[in-house]
Every structure is written in structure tokens, then in C-alpha cells.
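Notes follow the structure.
Heavy-atom basis, side chains included; hydrogens, waters and symmetry copies ignored. Order of listing sets the numbers, starting from 1, for every ligand and every atom in it.
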Amino acid sequence: MVWTVATMRRTVSLALVLAWGITSTAHAAAPAVAPAARKGPYVQHVSSTSAVVRVELDGPAPVRVAVTPAGDAGVKVSGPDGGADGGAAASASKAFHSVRLDGLHPSTRYSYVVHVGDRALEGVFTTAPPHDTTAPVRFAVYGDNRTDHAAHGALVRAMAMTPADFFLQTGDLVAVGGDPAQWKTFFELEAPLMRERCIFATIGNHELYESSGSEFAQYFGPEGAPAVIPDAGPPEQAYFASTFRWGPARFFLINAMVDYERGPDRAWLEKALADADGEKDLTWRIVALHHGPWSSGPHGENARLHRAGVVELLRRHKVDLVLSGHDHLYERGIVDGMPYVVSGGGGAPLYKVKVPRPYSRKSESVHHFVDAVLTRASLAITVTRADGTVVERCGLPKSGTWDCDPPPAPPPPPPPPPKSTCGCRVAGGPSSPATWLGALVALSAWWARRRRPRD
Ligand SMILES: [Fe+2]
């Protein structure tokens, strides 16, 4: 092996990472039998230079994370409290760990190992592309997975066969956010998706049932959220809102169940949109939330957003697309130039259209996901049912309107019965000569039987 400078730097970086882990582990007493992973490990908040590895164990134990270095830059591993020594990431008192990785390279595939005692929990992920990329990015939109696990599982299998850089979840991952068993089922069903890719999730109303949203915040929420979200009194911060950049697009994941007339969520949204206004190489602004401003389903329009002027706020900041769920169907439309998609057919019991809206262009009550390919110039979507068949394919040019494939032609009507050239009825018709002839034969036979002498 030739020891170049680059090779030595990579080796030193890896050694530092491992040394950090070993040192941290030494400070905490490891249990005799290392607990197994209850959820994950999986990645969250993947960007072009960082990622967060999360894992929930069966019991408290220290962990250390080793990441395969890439290029000449070392990978810095730190805990949620920051610091070169890892801080709380190696806490022996935790069952749930959230470990941040920095110093990563864009568009690079990494492998990592979460060490728990003698257990090695492995995972991989790929970082986001650079902001100025000209390559297309691909993601899948889905949501409302709760309640029907068979339908949810079928949809996951269909999604797993479709390439995607990441997944965008429109909320209602579980029926009862405070039920640990339902989160366990969710993670088991979603494992094929989460094994290598990140789910960026918006919070749904069901995540708040029997919970203040603490479980959602822990599993999918932004870094820094407290372990228990206070549910009494006015919240001091927007706990469930987050934003991320992926190539030409910035995504805003917002909480649809709060007051946007004032308060921390309004302040957060205004600042996030304003920050994006000056962002370099940003072409697309996409908002995702659970209960959106437009829908023809039984939940309908989110009046809270309209009352608070959120739609006008999004227009002022040139938002290109709104993605939502909550109504368990697929819908696509455009309202005064603002395109929207409702994708809430991720497994929950399906809803039918209740009030067809004039702005709606297409709707179907179906379990489905939306496969989206984004370039600087346009967005292309393919809406696919859980059985793999296609609902529709559409394009959306930047600042344009939907352009979709024509719907499949209806089946041709059955051919008319052949007509006789003589103008008489064809054989087999109700008053055709053949029918009359048959009746005459039957009548003759009956008369012959009557005239036959009886025994
Ligand atoms: Fe919902």
C-alpha cells in the first residue's frame, strides 16, 4: 500500500472517529448484554454536507458511530449537544440516540456502523447533491399510512421498486401518536424505504392523538426538540416545522394544525420563506403540510390557513407547489396559478370526493404514491397505484401549469349486429324467418302427437 498524504489523512480521520467512540464508551459502563435496536438505525435531515443517524434501543446503552470517510475531509461525529467529544451522543442513560454527522461530501454514498456493545448496526445513505447541480432529483410523495397495515405494506413494496433520492411524507404516519405499538409497526413496514434513504415527514393530526407530538418529534422532528413536547400553555417555538434543501429545491415542512395568524409557527414560516428569497441557485420552493389549503375530499380546505392569509404569504414568496394529505385520496389541481397535489392514499381507509372543487383537475380515491422528478426547468410526476398501475403522468414547467397525458381512451363499444342486405331480419332475431320456421315445426309435431291413437 502506498501511503500518500491523502491516505494518511483519511486514516487519521477514521482513527479519530473511532477513538472518540472508544473514549466515550469507556466513560459509560456498558451493560453486560448490549440491547438490540428497536427502531433503526435510520437517517434523518440529510443534506449535502451532513446527516443525522437515529436509533432506538431496547434499553439504555452508550453508542458510537463509525462512518466510512470520503475524499480528503474527515467526518466529524458529534452529539446533539455538539462538541468534539460527542457529548450526549454517547450517554449511557439513553435508549434513543440522535447522532449528527458533519463534514460530508455532496452526492456521496456513505456507510455507517452504530456500535452498541458488541453489536454492530449497519446502514447506508447518500448525501444531497450540491445546490448548483444541474442533474435531476427524484423523490416520492405519500402519506396517511395509518390503520390499514396490509394496504400500507403493499404501497411500501411498490415504492421500494421505484428509484428515489428521498421520501416526502405528508403526515398521519400512525393512527395514535402516543401508542408505541403503532410506531413499532410503522417502522417495521417502512424498513425497506428507510434502510438507505431519508424520510422527510410533516406532522399529521393523528400524531397528536394521546400525545403532544413528542414521539413524532423524536423520530422525525428537527434536531433540538425537547424529549417531551409541552402540551400546556402557548408553545414557545415551532417544534414540528423544518426546511431542507435538495439540489434546485427548498422544501418547507410545516404544521397544519396550528394558528398562523400569530405565534411561533407564523414567525418561523415568514423567516424561512424570507431566508429562501436570497438563497443562491434556488429554483423551486415547495411547501408540504398535512391538511392543505385545497382539497375536494371530506376534510376539504384548511380554513385556518386561509383565515391567516397563509396562501397569500406563500404567493408573495413565489412558492411553486403545495403538497398535502389528510384526505385519503389523490387530487391534483391549480388555484390562481398555484399548483397543488393531495397525496393521502398511503394505506389509510380511502375517502371519496365530497365536494368537487372548480380548481381540481384530477382526483381518484386510491392507494398510491407520487413519483416526482425535478429539474431546473420542470417537475414531472407519475402517480402510481399500489398495484403498480399508473393513475396519470403530468408535467409542470417552472411557473407554468399542469400538462398531463390524455386519459386513456374508453373501450370501444360492442359492434352492432350485422344487417341483412335483403332488408329482412337476420337469423336468430326475434321475428326472423328462422324463428318462424322453428315455431312451425314445433306446432306440426304437437298436432301429430295429438292425432296419434292413444294406448
Ligand atoms: Fe389527518
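Aromatic ring centres of F166 and F125: separated by at least 6.0 Å. With ring centers used as reference points, F200 lies 6.0 Å or more from F220.
Across all non-hydrogen atoms, the minimal contact from P339 to G400 is CG-O, 4.5 Å.
When only modelled atom types and interatomic distance are considered, S111 and T68 share a side-chain donor-acceptor pair under 3.5 Å.
Within D172, the N/O/S atom positioned nearest the Fe ion (ligand 1) carries the name OD2. With respect to the Fe ion (ligand 1), H326 has ND1 as its nearest N, O or S atom.
Among the atoms of D144, none of the N, O or S atoms falls under 2.8 Å from the Fe ion (ligand 1). The Fe ion (ligand 1) does not have H299 among its coordinating residues (no N/O/S atom, backbone or side chain, under 2.8 Å).
Considering the Fe ion (ligand 1) as centre, the angle to NE2 of H290 and to OD1 of N205 is 90° (10° rounding).
Ion pairing between a basic and an acidic side chain is recognised when a charged N comes within 4.0 Å of a carboxylate O; R109 and E196 show such pairing.
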